[in-house]
Amino acid sequence: MADEKLPKRSEDFSAWYNEVIARAQLAEHSPVRGCMVIRPNGYGIWELMQQALDKMFKDTGHENAYFPLLIPLSFITKEAAHVEGFAPELAIVTKGGGKDLEEPLVIRPTSETIIYSMYAKWVQSYRDLPILLNQWANVVRWEMRTRLFLRTMEFLWQEGHTAHETEQEAEEEAIRMLGVYRAFMYEYCAVPVLIGLKTDSEKFAGALRTYTTEALMQDNKALQNGTSHNLGQNFAKVFDLQFQSRAGTLEYAWNTSWGVSTRMIGGLIMTHSDDDGLVTPPKLAPVQLAIVPIYKTDAEKITVMEAAEEVFREMKAAGIRVKLDDRDSMSPGAKFFDWESKGVPLRMEIGPKDVTNNTVVIVPRVELSKEEPPKPGRKQKLFVGRMELLSRVPQLLERLQSQLLENAIARREANSIRGVTSYDEMAKLIERDAGFIYAGWCGSAECEAKVKEETKATIRVIPVEEFRSEKPPAGCVVCGGAARHEVVWSKSY
RNA sequence: CGGGGCGUGGCUCAGCCUGGUAGAGCACCUGGUUCGGGACCAGGGGGUCGGAGGUUCAAAUCCUCUCGCCCCGACCA
């Protein structure tokens, strides 16, 4: 299909990213600036993400519901920090049915306001708490500059919204869902993330505290791909979300909200894909195995197709997402490139020799360290007996899944620099896109702003203990004052 | 909103400077030969040149306006 080579990551990362998406037919720009059409190959990834996450949400006691797209403008303006944060990116409907509306309606940029206004009606006493809901929805934020998946004006996401009796319960919920995201990123996306707290300047408009998952892309820029907020009582106070407590007093509820979006797909691409095109982790690959039959003569075609169809049925029955590529007008070589650029984890070749030997050839999309190494300069080819397929294919998919995570962790570690103490050194590291830079921070907004101003890097996360360095930093890398936190600096998307 | 670039078959672009029959590669359709890493030959379909106005015997080409897109900067999951 493709007639040219991809741009190389090392030469033009941004052009490479766009081209990977185009080749894999994941998405396209829409006629409206900043919006995106998600094609089946891309939406298939999203559906698999949804399925996995939805189960995780249900398993942690949440239910799905749906709240409307249109929100009264007055709702958004009720919470001061919230308005301030979102005002510049609101899309507002002022006309309906040919007439000016009495009150303009906002197309939701997020649903805190409409949801907590409803919760207020549903909650009388502490017995009505907690409320643990999630919704799958689209939201609109009027962005200046957009990139497919990473930042589009309309995007798909899920937003969880909960209400609790106590601050501690809300805090536990925010952290529990951060943990869910972290597990999802590792186990399904094979995207290793740092987790921790956002600084005040980076937190959600209207939150008490914002927790984040941060991944490092192959160009060494950070991507925030999940957030979980402890909203405190900010929204409860504005929308009268009150309940009678166990002690009989009237109290405001404590809220959390948490979300992940189609941005994760961008993160997936920029984490795993290579100069041959898209790479998808098996758990999120709409097609996990592509079977390419190879034949010359009509007689060969008959026996090869027979074998290929049998393997296809076998794999399908075993629950593998499999495709038999029976396109007659395309050469096998062209099919190899096609499936590679689409990121399919395993490709299977079945030719006359395989039929005779009762074997197949399997080529993994990325090299597997636990399998026989490839010949120099060649792709790794695994010769597998037909009888072993039922055990080997799932095993290879698992190995590929863990290989991707291993590779990504290794890359992140190779591009994480700890113990930076001098501001000049940090500035130089940022200048050459060194990756995640760990350094001390005094906690002042001035020091944070100075770095952003001078280097474009920001504090991505104040990591939880697990991700901190063994030796805590003593001083702030900017002002030299006592360090209150170890933080991770990086340029970001 | 500032700075730069670009709008020509589905895609990537040439043609514009110096006005005169709309082109190429890829993709697509038909037939044949091919097929274990991007096949080849022959034939074929498809474009009011982003839009409007102007100059001219004549505009993809020159002029004016307009719309849209992309890249770089200030805000953001």
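Convention: sequence-line order gives letters A, B, ...; per-chain numbering from 1. Computation of the quantities below employed the complete heavy-atom set of this structure, encompassing side-chain atoms and omitting hydrogens, waters and symmetry-equivalent molecules.
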Test of understanding: with salt bridge (charged side-chain N to carboxylate O under 4.0 Å, His left out), list the residues that count as partners of [X], not counting sequence neighbours.
X         : value
Arg313(A) : none
Arg141(A) : none
Asp200(A) : Lys203(A)
Lys78(A)  : none

Could you check which of [options] has an atom nearest any side-chain atom of [X]?
X         : options                   : result
Lys456(A) : rG36(B), rG73(B), rG38(B) : rG73(B)
Val361(A) : rG36(B), rA74(B), rA77(B) : rG36(B)
Met144(A) : rC35(B), rG37(B), rC75(B) : rC75(B)

Subject >> Those residues of residues 257-267 of chain A lying under 4.0 Å from RNA chain B by at least one heavy atom >> reply: Ser261(A), Arg263(A)

**OP:** Kindly state which residues belonging to residues 277-298 of chain A come within less than 4.0 angstrom of RNA chain B, counting heavy atoms of the residue only, listed by number.
**Re:**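 Only Ile294(A), Tyr295(A), Lys296(A) qualify.
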
Where do N or O atoms of nucleotides 69-71 of chain B meet protein N or O atoms at under 3.5 Å, pair by pair?
residue : atom : partner  : partner atom : Å
rC69(B) : OP1  : Arg33(A) : N            : 3.3

Original post:
Ignoring hydrogens and angles, does a donor from either the side chain of Arg347(A) or the base of rG37(B) sit under 3.5 Å from an acceptor on the other?
Top reply: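 When only heavy-atom distances are counted, Arg347(A) does reach the base of rG37(B) through a donor-acceptor pair under 3.5 Å.
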
Original post:
Less than 3.5 Å between a donor and an acceptor, one on the side chain of Asp338(A) and one on the base of rG38(B), is that the case here?
Top reply: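 Checked by distance alone, the answer is no.
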
Subject >> All pairs passing ring-ring contact (aromatic ring centres under 6.0 Å, His included) where residues 198-220 of chain A contributes a residue, at least two apart >> reply: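 For residues 198-220 of chain A: His82(A)-Phe204(A), Phe86(A)-Phe204(A), Phe204(A)-His229(A).
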
**OP:** Give every residue pair that meets the ring-ring contact (aromatic ring centres under 6.0 Å, His included) criterion with at least one member in residues 261-314 of chain A, sequence neighbours excluded.
**Re:**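 Qualifying pairs: none.
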
Subject >> Any strand: nucleotide that pairs with rC13(B) via Watson-Crick or wobble, under 3.5 Å >> reply: rG23(B)

Original post:
Regarding Arg412(A) and the six-membered ring of Phe436(A), is the cationic atom NZ or CZ under 6.0 Å from the ring centre and inside 45° of its axis?
Top reply: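 Relative to the ring axis of Phe436(A), which defines the angle, Arg412(A) lies outside at least one limit.
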
Original post:
Which residue pairs pass the salt bridge (charged side-chain N to carboxylate O under 4.0 Å, His left out) test with at least one member in residues 272-292 of chain A, sequence neighbours excluded?
Top reply: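 Listed once each, the pairs are Arg9(A)-Asp275(A), Asp274(A)-Arg365(A), Asp276(A)-Lys379(A).
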
**OP:** Please list, chain by chain and in numerical order, all residues satisfying side chain to side chain contact (heavy atoms under 4.5 Å, CB included) with Asn41(A), sequence neighbours excluded.
**Re:** Gln25(A), Leu26(A), Lys342(A)

**OP:** List in chain and number order the residues that pass side chain to side chain donor-acceptor pair (under 3.5 Å) with Tyr181(A), two or more places apart in sequence or in another chain; answer none if no residue qualifies.
**Re:** Gln158(A)

**OP:** Keeping the roles fixed (side chain from Tyr119(A), backbone from His161(A)), state whether a donor-acceptor pair exists under 3.5 Å.
**Re:**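 It does hold such a pair.
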
